[in-house]
There are 2 protein chains.
Amino acid sequence: MNADAQPSTDSSRAEARRSQILAAASDCFRAHGFHGASISQISKSAGMSAGHIYHYFENKEAIIAAIVGDDLDQLLTLSASWRAAADVLDAMLEGIEEGVGKKLDRNVASLKLEILAEASRNPEVAKIVRSVNQRCNSSISETLRLARAARGLSTDDTTIASIVEVMTAMFEGLLARSVRNPDFDAALIAAAFRRVVRDLVTGPGFEHVSRP
Amino acid sequence: MNADAQPSTDSSRAEARRSQILAAASDCFRAHGFHGASISQISKSAGMSAGHIYHYFENKEAIIAAIVGDDLDQLLTLSASWRAAADVLDAMLEGIEEGVGKKLDRNVASLKLEILAEASRNPEVAKIVRSVNQRCNSSISETLRLARAARGLSTDDTTIASIVEVMTAMFEGLLARSVRNPDFDAALIAAAFRRVVRDLVTGPGFEHVSRP
DNA sequence: TAACATAGAATGAGCGTTCAATCTAGAATA
DNA sequence: TATTCTAGATTGAACGCTCATTCTATGTTA
């Protein structure tokens, strides 16, 4: 089918098969969960024999790890793009609509929830999740620091970390909302989120935490 | 072991066995997930034979349904207690510390995440989750309406629903944070949450949603 | 005795994984 | 060009095990 002069790298064909398996596994995991989906199901969905999957992945756990890593990596590109914008806050506010829609998407949410549930009991998966989260958090922190510095607001670590934590909690909470209240208008949520994010980014810091 | 004069109702002994099974199942599901935990494990943890479990539950699915219902029911008591308070907003703000701590508790979070993941693919579980969510949402809505009415603020449905959705998203997002960033200081999160909740409850409404 | 509680073995299906056997297609050789 | 060689791709059966569930037999109690 492909008449390349050179058969390209060793991995060309193998890479295709590998991502073919990952795509099929992703579908199956979404539909039945990591433990509910079987290698046999995945192999059928990928159009190959069950045994052949073991030429590309050591075991089922390795497939899970690959999918978890791939899924979380997507987050990293997002905040990096904000930082490149002329006005950081504007870029963030404009990204909210898309961010809300994505987290509320049933297919997206279902796999992300499965990853979180698995991470809460599988140390290997937890390690991946936390490592990606760290890189993601420092990227968002840097973005936020820029936005506040441009407005002459405090940028101490406690303030920045607190704001980041609240904002990420808000967005990740939408995963739960997509299950609990799937018909709620995404535009309404986005509007409310915009106000909260704006207030957080342009509001006072959290240097002096005191019990009320 | 128990020398009651009357064996009490038919369910007395049976009820004890039932909750014995549910407690054991809850532990196992927390540790291995709904599909990762086996009836054999649950029976060992409950101190009875595997077959005997089927005298109290039709099948594994029924155990899952019972646990999901029990877990979610706890939410309902919370907002009802707020409403009884002298000042609703103060009661809510005071409840934040506890609410944050609870959602960040690894054991609690792990089961709740499992429930959400299961609900996103199991229609029976989804039905339970949504029904409890509806009752919970209207309870919080009523509480919020009181708080805003007492301050002469708008209480239209769109405003109330938007605020409720954002607040619940924040709190449920903590489930994800407990996995991603488990060591973050809960007091800092609570402080930030207090400000956001106060601003939302006492701020302008969302009657006129418009794109920026 | 009658009714329920309980244990434990039995069942058949499905699991993740392994492995020997085949297929395929290009390189090497003649 | 025709033939052989070879190494990777691929299959499908088989393995040992565990699963959820059912069945039968025995205790226990009232």
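The chains referred to below are lettered A, B, ... by the order of the sequence lines, with proteins before strands, and numbering in each begins at 1. The analysis underlying the following values was restricted to heavy atoms, covering all of them including side chains, and did not include hydrogens, waters or symmetry mates.
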[X]: which residues meet the ring pair (Phe, Tyr, Trp, His ring centres under 6.0 Å) condition with it, sequence neighbours left out?
| X | result |
| --- | --- |
| Phe57(B) | none |
| Phe184(A) | none |
| His55(A) | His52(A) |

TODO: Have a look at the helix from dT1(C)-dA30(D) to dA30(C)-dT1(D) and give the angle its two end axes make, five pairs each, rounded to 10 degrees.
DONE: 10°
TODO: Give every residue pair that meets the side-chain hydrogen bond (donor to acceptor under 3.5 Å, both in side chains) criterion with at least one member in residues 57-66 of chain B, sequence neighbours excluded.
DONE: Glu61(B)-Asn122(B)
Task: Partner residues of Glu124(A) under the side chain to side chain donor-acceptor pair (under 3.5 Å) criterion, sequence neighbours left out - done: none
- [ ] Could you list all the ring-ring contact (aromatic ring centres under 6.0 Å, His included) pairs where at least one residue sits in residues 113-142 of chain B, not counting sequence neighbours?
- [x] none
- [ ] Mind listing the residues from residues 31-60 of chain A sitting with a heavy atom below 4.0 Å of DNA chain D? Number order is fine.
- [x] Met48(A), Ser49(A), Gly51(A), His52(A), His55(A), Tyr56(A)
- [ ] Can you spot which of Asp157(A), Thr159(A), Val88(A), Ile140(A) makes a side-chain contact (heavy atoms from CB on, under 4.5 Å) with Arg145(A)?
- [x] Asp157(A)
Open item on the list: For Glu165(B), give me all partners under salt bridge (charged side-chain N to carboxylate O under 4.0 Å, His left out), at least two apart in sequence or on another chain.
Closed with: Arg177(A)
Task: Spacing of Arg17(A) atom CZ relative to dG8(D) atom P, expressed in whole Å - done: 17 Å
